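Count residues from 1 along the sequence. Heavy atoms only: backbone and side chains are in, while hydrogens, waters and symmetry mates are out. In this text the structure is predicted, and so the values were computed from the model without any measurement.
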Amino acid sequence: MVQLPRRYVVQMCSVLQQRKCCRKLRYDFNAQEESFPGLAELLPKVATDDGTVMITSVNDAFATPGSLLDLFRGSFHDGEGIAHLLNHTLIVALDPGAMARCGAVHPHCYHLEVAAANVSSASRIMTKSYLEIVWVKLSLQQRVLQLGYNYLFTDVDILWFRNPFRHINLYADMAVSTDRFKGDTESLASYPNTGFYYVRSTNCTVEMLRQWRAAKSRFPPDHDQFIFNEIKAELATGELQIKFVFLDPVRFDGFCQHHSKIDTVCTMHTNCCIGLETKVHDLMNVANDWKNYMNLTLSERRTGKNRWKVPA
(Lines give C-alpha, C1' and ligand atoms only; values in the text may rest on other atoms or scores of the structure.)
Protein backbone atom coordinates (compact mmCIF):
# COMPACT_ATOMS: atom_id res chain seq x y z
CA MET A 1 0.00 0.00 0.00
CA VAL A 2 1.31 3.47 -0.91
CA GLN A 3 1.75 5.88 2.00
CA LEU A 4 0.25 9.29 1.20
CA PRO A 5 2.76 12.15 1.60
CA ARG A 6 2.25 14.14 4.79
CA ARG A 7 2.03 17.39 2.78
CA TYR A 8 -1.10 15.98 1.17
CA VAL A 9 -2.75 15.30 4.53
CA VAL A 10 -1.94 18.84 5.72
CA GLN A 11 -3.16 20.35 2.44
CA MET A 12 -6.34 18.32 2.48
CA CYS A 13 -7.10 19.30 6.08
CA SER A 14 -6.69 22.96 5.17
CA VAL A 15 -9.17 22.57 2.32
CA LEU A 16 -11.59 20.68 4.55
CA GLN A 17 -11.62 23.62 6.94
CA GLN A 18 -12.34 26.05 4.13
CA ARG A 19 -15.10 24.23 2.24
CA LYS A 20 -17.96 22.20 3.61
CA CYS A 21 -18.31 20.34 0.33
CA CYS A 22 -15.02 18.60 0.98
CA ARG A 23 -16.15 17.39 4.37
CA LYS A 24 -18.95 15.49 2.68
CA LEU A 25 -16.57 13.59 0.42
CA ARG A 26 -15.48 10.21 1.66
CA TYR A 27 -12.90 9.02 -0.83
CA ASP A 28 -11.49 5.60 -0.02
CA PHE A 29 -7.83 5.66 -1.02
CA ASN A 30 -7.58 1.92 -0.35
CA ALA A 31 -10.33 1.13 -2.86
CA GLN A 32 -9.57 -0.75 -6.03
CA GLU A 33 -8.17 1.67 -8.63
CA GLU A 34 -6.94 1.42 -12.18
CA SER A 35 -3.53 -0.17 -12.10
CA PHE A 36 -0.61 2.08 -12.97
CA PRO A 37 2.35 -0.10 -12.00
CA GLY A 38 5.44 1.80 -10.93
CA LEU A 39 3.78 5.23 -10.98
CA ALA A 40 3.75 5.70 -7.20
CA GLU A 41 7.45 4.88 -7.03
CA LEU A 42 8.32 7.18 -9.95
CA LEU A 43 6.50 10.34 -8.88
CA PRO A 44 8.72 11.20 -5.87
CA LYS A 45 11.72 11.21 -8.21
CA VAL A 46 10.02 13.70 -10.54
CA ALA A 47 8.14 16.04 -8.20
CA THR A 48 9.26 19.48 -7.10
CA ASP A 49 9.75 20.26 -3.43
CA ASP A 50 6.10 21.30 -3.14
CA GLY A 51 4.92 18.06 -4.73
CA THR A 52 4.15 19.23 -8.26
CA VAL A 53 4.76 17.16 -11.39
CA MET A 54 4.65 18.39 -14.98
CA ILE A 55 3.19 15.80 -17.34
CA THR A 56 3.17 15.47 -21.10
CA SER A 57 2.51 12.52 -23.38
CA VAL A 58 3.89 11.23 -26.67
CA ASN A 59 3.41 8.40 -29.10
CA ASP A 60 5.96 7.09 -31.56
CA ALA A 61 5.11 9.73 -34.18
CA PHE A 62 5.52 12.59 -31.71
CA ALA A 63 8.73 11.14 -30.25
CA THR A 64 10.52 10.58 -33.56
CA PRO A 65 13.77 12.60 -33.78
CA GLY A 66 13.03 16.09 -35.08
CA SER A 67 9.35 15.84 -34.17
CA LEU A 68 7.33 17.40 -31.34
CA LEU A 69 9.20 15.89 -28.39
CA ASP A 70 12.53 17.34 -29.52
CA LEU A 71 10.95 20.77 -30.05
CA PHE A 72 9.22 20.61 -26.67
CA ARG A 73 12.37 19.67 -24.76
CA GLY A 74 14.49 22.10 -26.76
CA SER A 75 12.27 25.01 -25.73
CA PHE A 76 13.18 24.45 -22.06
CA HIS A 77 16.86 24.69 -22.87
CA ASP A 78 16.35 27.79 -25.01
CA GLY A 79 13.97 29.46 -22.54
CA GLU A 80 14.71 31.91 -19.75
CA GLY A 81 16.04 29.85 -16.85
CA ILE A 82 13.58 26.96 -17.15
CA ALA A 83 15.82 24.06 -18.19
CA HIS A 84 15.64 22.71 -14.63
CA LEU A 85 11.88 22.17 -15.02
CA LEU A 86 12.61 19.24 -17.33
CA ASN A 87 13.88 17.38 -14.26
CA HIS A 88 10.33 17.62 -12.88
CA THR A 89 8.58 16.59 -16.09
CA LEU A 90 7.11 13.13 -16.55
CA ILE A 91 6.83 12.03 -20.17
CA VAL A 92 4.05 9.49 -20.61
CA ALA A 93 4.84 7.17 -23.52
CA LEU A 94 1.82 5.63 -25.21
CA ASP A 95 3.62 2.86 -27.10
CA PRO A 96 6.94 0.96 -26.95
CA GLY A 97 8.56 3.10 -29.64
CA ALA A 98 7.81 6.29 -27.73
CA MET A 99 9.08 4.70 -24.52
CA ALA A 100 12.37 3.72 -26.15
CA ARG A 101 12.90 7.19 -27.60
CA CYS A 102 11.94 8.87 -24.31
CA GLY A 103 14.39 6.69 -22.40
CA ALA A 104 17.17 7.80 -24.73
CA VAL A 105 16.66 11.54 -24.17
CA HIS A 106 14.82 12.08 -20.89
CA PRO A 107 15.27 10.90 -17.27
CA HIS A 108 11.60 10.37 -16.32
CA CYS A 109 9.44 8.23 -18.63
CA TYR A 110 6.33 6.17 -17.95
CA HIS A 111 4.81 3.64 -20.34
CA LEU A 112 1.02 3.90 -20.25
CA GLU A 113 -0.73 0.92 -21.78
CA VAL A 114 -3.45 1.89 -24.26
CA ALA A 115 -5.69 -0.81 -25.71
CA ALA A 116 -6.65 1.04 -28.89
CA ALA A 117 -4.98 0.20 -32.17
CA ASN A 118 -2.83 2.69 -34.08
CA VAL A 119 -1.80 4.74 -31.05
CA SER A 120 1.68 5.11 -32.58
CA SER A 121 0.50 7.29 -35.46
CA ALA A 122 -0.61 10.92 -35.32
CA SER A 123 -4.31 10.28 -34.71
CA ARG A 124 -6.70 12.96 -35.84
CA ILE A 125 -9.11 14.40 -33.33
CA MET A 126 -12.26 12.35 -32.61
CA THR A 127 -10.91 9.09 -34.03
CA LYS A 128 -11.41 6.02 -31.83
CA SER A 129 -7.74 5.83 -30.88
CA TYR A 130 -7.61 9.57 -30.13
CA LEU A 131 -10.59 9.37 -27.79
CA GLU A 132 -9.22 6.37 -25.96
CA ILE A 133 -5.87 8.08 -25.47
CA VAL A 134 -7.34 11.25 -23.95
CA TRP A 135 -9.50 9.34 -21.47
CA VAL A 136 -6.74 6.96 -20.43
CA LYS A 137 -4.45 9.93 -19.82
CA LEU A 138 -7.12 11.54 -17.65
CA SER A 139 -7.39 8.40 -15.53
CA LEU A 140 -3.63 8.52 -14.96
CA GLN A 141 -3.86 12.17 -13.95
CA GLN A 142 -6.58 11.31 -11.45
CA ARG A 143 -4.24 8.73 -9.97
CA VAL A 144 -1.50 11.36 -9.66
CA LEU A 145 -3.87 13.49 -7.58
CA GLN A 146 -4.87 10.51 -5.47
CA LEU A 147 -1.21 9.90 -4.67
CA GLY A 148 -0.97 13.43 -3.31
CA TYR A 149 0.76 15.28 -6.15
CA ASN A 150 -0.29 18.47 -7.93
CA TYR A 151 0.23 18.35 -11.66
CA LEU A 152 0.59 20.65 -14.62
CA PHE A 153 -0.41 18.86 -17.79
CA THR A 154 1.04 20.24 -21.02
CA ASP A 155 0.48 18.99 -24.53
CA VAL A 156 3.74 18.22 -26.27
CA ASP A 157 2.92 20.65 -29.10
CA ILE A 158 3.58 23.55 -26.72
CA LEU A 159 6.83 25.48 -26.51
CA TRP A 160 7.89 26.85 -23.11
CA PHE A 161 9.79 30.14 -22.88
CA ARG A 162 9.40 31.37 -19.30
CA ASN A 163 8.45 29.85 -15.96
CA PRO A 164 4.62 29.52 -16.04
CA PHE A 165 4.33 28.99 -12.28
CA ARG A 166 5.07 32.68 -11.71
CA HIS A 167 1.77 33.47 -13.43
CA ILE A 168 -0.49 30.64 -12.25
CA ASN A 169 -2.68 31.07 -9.20
CA LEU A 170 -1.57 28.02 -7.23
CA TYR A 171 -4.42 28.51 -4.75
CA ALA A 172 -6.95 27.76 -7.46
CA ASP A 173 -8.18 24.19 -7.70
CA MET A 174 -7.59 24.28 -11.44
CA ALA A 175 -5.95 26.84 -13.73
CA VAL A 176 -6.54 26.19 -17.41
CA SER A 177 -5.52 27.78 -20.72
CA THR A 178 -8.15 29.01 -23.16
CA ASP A 179 -9.09 28.94 -26.82
CA ARG A 180 -11.34 31.97 -26.24
CA PHE A 181 -10.54 34.23 -23.29
CA LYS A 182 -13.24 36.65 -22.12
CA GLY A 183 -10.94 39.04 -20.27
CA ASP A 184 -11.77 37.87 -16.74
CA THR A 185 -9.66 35.07 -15.28
CA GLU A 186 -12.63 33.78 -13.24
CA SER A 187 -15.27 34.02 -15.94
CA LEU A 188 -16.85 30.69 -16.85
CA ALA A 189 -17.66 32.20 -20.24
CA SER A 190 -14.08 31.57 -21.36
CA TYR A 191 -13.66 28.44 -23.48
CA PRO A 192 -10.98 26.24 -21.91
CA ASN A 193 -8.20 24.38 -23.65
CA THR A 194 -7.20 21.33 -21.63
CA GLY A 195 -3.90 21.05 -23.46
CA PHE A 196 -2.35 23.10 -20.66
CA TYR A 197 -3.73 23.13 -17.14
CA TYR A 198 -2.70 22.93 -13.49
CA VAL A 199 -4.60 21.00 -10.80
CA ARG A 200 -3.95 21.17 -7.08
CA SER A 201 -4.20 17.88 -5.22
CA THR A 202 -7.12 17.84 -2.78
CA ASN A 203 -9.93 15.39 -2.25
CA CYS A 204 -12.21 17.85 -4.08
CA THR A 205 -10.07 17.77 -7.21
CA VAL A 206 -9.85 13.97 -7.07
CA GLU A 207 -13.63 13.95 -7.14
CA MET A 208 -13.61 16.56 -9.92
CA LEU A 209 -11.52 14.26 -12.11
CA ARG A 210 -13.80 11.34 -11.29
CA GLN A 211 -16.89 13.33 -12.30
CA TRP A 212 -15.15 14.64 -15.42
CA ARG A 213 -14.36 11.10 -16.54
CA ALA A 214 -17.84 9.86 -15.65
CA ALA A 215 -19.45 12.65 -17.68
CA LYS A 216 -18.30 11.13 -20.97
CA SER A 217 -21.29 8.78 -20.76
CA ARG A 218 -23.55 11.86 -20.94
CA PHE A 219 -21.94 13.25 -24.09
CA PRO A 220 -20.88 10.28 -26.23
CA PRO A 221 -18.73 10.20 -28.18
CA ASP A 222 -16.67 13.24 -27.36
CA HIS A 223 -13.31 14.33 -26.05
CA ASP A 224 -12.27 15.56 -22.62
CA GLN A 225 -12.06 19.26 -23.50
CA PHE A 226 -15.60 19.55 -24.87
CA ILE A 227 -17.04 17.64 -21.92
CA PHE A 228 -15.07 19.69 -19.43
CA ASN A 229 -16.52 22.86 -20.93
CA GLU A 230 -20.01 21.38 -20.63
CA ILE A 231 -19.65 20.52 -16.93
CA LYS A 232 -17.38 23.33 -15.65
CA ALA A 233 -20.36 25.30 -14.27
CA GLU A 234 -21.62 22.22 -12.40
CA LEU A 235 -18.18 21.75 -10.88
CA ALA A 236 -17.89 25.42 -9.91
CA THR A 237 -21.36 25.96 -8.47
CA GLY A 238 -22.31 22.49 -7.23
CA GLU A 239 -21.23 20.63 -4.14
CA LEU A 240 -17.54 20.68 -5.01
CA GLN A 241 -17.34 24.48 -5.44
CA ILE A 242 -14.25 24.11 -7.61
CA LYS A 243 -12.33 27.36 -8.02
CA PHE A 244 -11.30 27.77 -11.66
CA VAL A 245 -8.84 30.27 -13.05
CA PHE A 246 -8.68 30.80 -16.82
CA LEU A 247 -5.20 31.72 -17.96
CA ASP A 248 -4.67 34.96 -19.85
CA PRO A 249 -3.33 34.36 -23.40
CA VAL A 250 -0.99 37.31 -22.90
CA ARG A 251 1.07 34.79 -20.90
CA PHE A 252 -0.28 31.47 -22.21
CA ASP A 253 -0.87 31.89 -25.89
CA GLY A 254 -1.91 29.68 -28.77
CA PHE A 255 -2.64 29.83 -32.45
CA CYS A 256 -6.40 30.14 -31.84
CA GLN A 257 -5.89 33.65 -30.45
CA HIS A 258 -2.22 34.46 -30.99
CA HIS A 259 -2.04 37.98 -29.64
CA SER A 260 0.74 37.73 -27.05
CA LYS A 261 3.95 39.71 -27.13
CA ILE A 262 7.20 37.80 -27.27
CA ASP A 263 8.36 39.94 -24.32
CA THR A 264 5.76 38.49 -21.95
CA VAL A 265 4.64 35.07 -23.18
CA CYS A 266 5.40 31.93 -21.17
CA THR A 267 4.07 29.25 -23.53
CA MET A 268 2.87 28.94 -27.13
CA HIS A 269 0.46 26.19 -28.19
CA THR A 270 -0.25 25.05 -31.74
CA ASN A 271 -3.95 24.68 -31.07
CA CYS A 272 -6.14 25.39 -34.09
CA CYS A 273 -3.31 23.90 -36.16
CA ILE A 274 -4.16 20.60 -37.85
CA GLY A 275 -1.72 17.85 -38.76
CA LEU A 276 1.62 16.75 -37.35
CA GLU A 277 3.72 18.14 -40.22
CA THR A 278 2.01 21.52 -39.95
CA LYS A 279 2.52 21.64 -36.18
CA VAL A 280 6.21 20.78 -36.49
CA HIS A 281 6.70 23.38 -39.23
CA ASP A 282 4.95 26.15 -37.30
CA LEU A 283 6.65 25.31 -34.00
CA MET A 284 10.06 25.41 -35.69
CA ASN A 285 9.21 28.90 -36.92
CA VAL A 286 8.10 29.94 -33.42
CA ALA A 287 11.32 28.51 -31.98
CA ASN A 288 13.35 30.48 -34.51
CA ASP A 289 11.48 33.68 -33.61
CA TRP A 290 12.33 33.06 -29.96
CA LYS A 291 16.01 32.38 -30.68
CA ASN A 292 16.25 35.58 -32.70
CA TYR A 293 14.68 37.45 -29.80
CA MET A 294 17.11 35.94 -27.30
CA ASN A 295 20.03 36.99 -29.52
CA LEU A 296 19.03 40.63 -29.15
CA THR A 297 20.69 42.83 -26.57
CA LEU A 298 18.75 43.57 -23.37
CA SER A 299 18.04 47.11 -24.55
CA GLU A 300 16.73 45.80 -27.89
CA ARG A 301 14.45 43.34 -26.08
CA ARG A 302 13.04 46.10 -23.88
CA THR A 303 11.82 48.25 -26.77
CA GLY A 304 8.42 46.54 -26.66
CA LYS A 305 8.42 46.35 -30.44
CA ASN A 306 9.28 42.69 -30.78
CA ARG A 307 6.56 40.60 -32.38
CA TRP A 308 5.99 37.03 -33.52
CA LYS A 309 6.41 36.60 -37.25
CA VAL A 310 4.38 33.37 -37.35
CA PRO A 311 1.98 31.84 -38.01
CA ALA A 312 1.22 33.53 -41.28
Side-chain angles (χ1 to χ4, degrees), residues 46 48 52-59 61-93 98 101-109 122 151-168 175-178 193-198 247-273 275-296 298 301 306-312:
V46 186
T48 62
T52 299
V53 177
M54 282 146 282
I55 303 173
T56 193
S57 60
V58 294
N59 61 8
F62 294 170
T64 298
S67 191
L68 296 177
L69 179 59
D70 283 351
L71 289 166
F72 174 80
R73 295 186 74 256
S75 70
F76 285 78
H77 293 292
D78 294 333
E80 292 186 351
I82 58 172
H84 68 285
L85 294 178
L86 279 175
N87 296 326
H88 304 292
T89 300
L90 178 65
I91 296 178
V92 177
R101 172 63 179 163
C102 180
V105 299
H106 190 72
H108 306 301
C109 307
Y151 72 82
L152 193 162
F153 176 77
T154 170
D155 277 344
V156 76
D157 63 336
I158 294 178
L159 299 188
W160 288 43
F161 306 113
R162 297 180 174 90
N163 190 337
F165 291 104
R166 296 176 181 171
H167 306 283
I168 293 176
V176 59
S177 63
T178 61
N193 185 300
T194 54
F196 187 93
Y197 68 100
Y198 167 86
L247 298 173
D248 192 328
V250 167
R251 298 286 184 183
F252 304 93
D253 207 0
F255 286 9
C256 290
Q257 301 177 93
H258 198 64
H259 58 207
S260 67
K261 294 182 179 179
I262 199 168
D263 311 84
T264 58
V265 71
C266 293
T267 61
M268 180 65 76
H269 190 184
T270 54
N271 51 358
C272 296
C273 179
L276 177 58
E277 290 186 5
T278 303
K279 286 178 179 288
V280 170
H281 174 268
D282 286 348
L283 283 180
M284 288 180 67
N285 286 336
V286 170
N288 287 333
D289 278 354
W290 174 259
K291 290 174 183 177
N292 290 335
Y293 169 78
M294 292 297 287
N295 286 332
L296 298 175
L298 286 177
R301 290 188 213 168
N306 300 295
R307 296 289 187 273
W308 298 109
K309 297 184 177 65
V310 294

**Report entry** Close side-chain approach of Trp290 and Glu80, heavy atoms under 4.5 Å
**Finding:**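 SC-SC contact between Trp290 and Glu80 confirmed.
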
Query raised in the report: Under a 4.5 Å cut-off applied to non-hydrogen side-chain atoms, are Ile262 and Arg307 in contact?
Result: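 Ile262 vs Arg307: side chains apart.
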
[X] side-chain N/O to [Y] backbone N/O, donor-acceptor pair under 3.5 Å:
X      : Y      : result
Arg301 : Met294 : yes
Lys279 : Cys273 : yes
Ser177 : Phe196 : yes
Asp155 : Ile158 : no

Report task. Would you name the heavy atoms of His269 and Asn193 that are closest together and state the gap between them? Result ->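 His269 and Asn193 have their closest heavy atoms at CE1-OD1, 3.4 Å.
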
Separation of [Y] [atom2] from [X] [atom1] (nearest 0.5 Å):
X      : Y      : atom1 : atom2 : value
Ile91  : Ile55  : CD1   : CD1   : 11.5 Å
Phe255 : Thr278 : CZ    : OG1   : 10.5 Å
Thr48  : Asn87  : OG1   : CG    : 11.5 Å
Thr264 : His167 : OG1   : NE2   : 8.5 Å

Query - Under 3.5 Å side-chain donor-acceptor pair for Thr270 and Asp157 - result: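 Yes, side-chain donor-acceptor contact under 3.5 Å.
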
**Report entry** Side-chain ion pair, Lys261 and Asp253, N-O less than 4.0 Å
**Finding:**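 Looking at Asp253 together with Lys261, the answer is no, because their closest N to O distance does not fall below 4.0 Å.
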
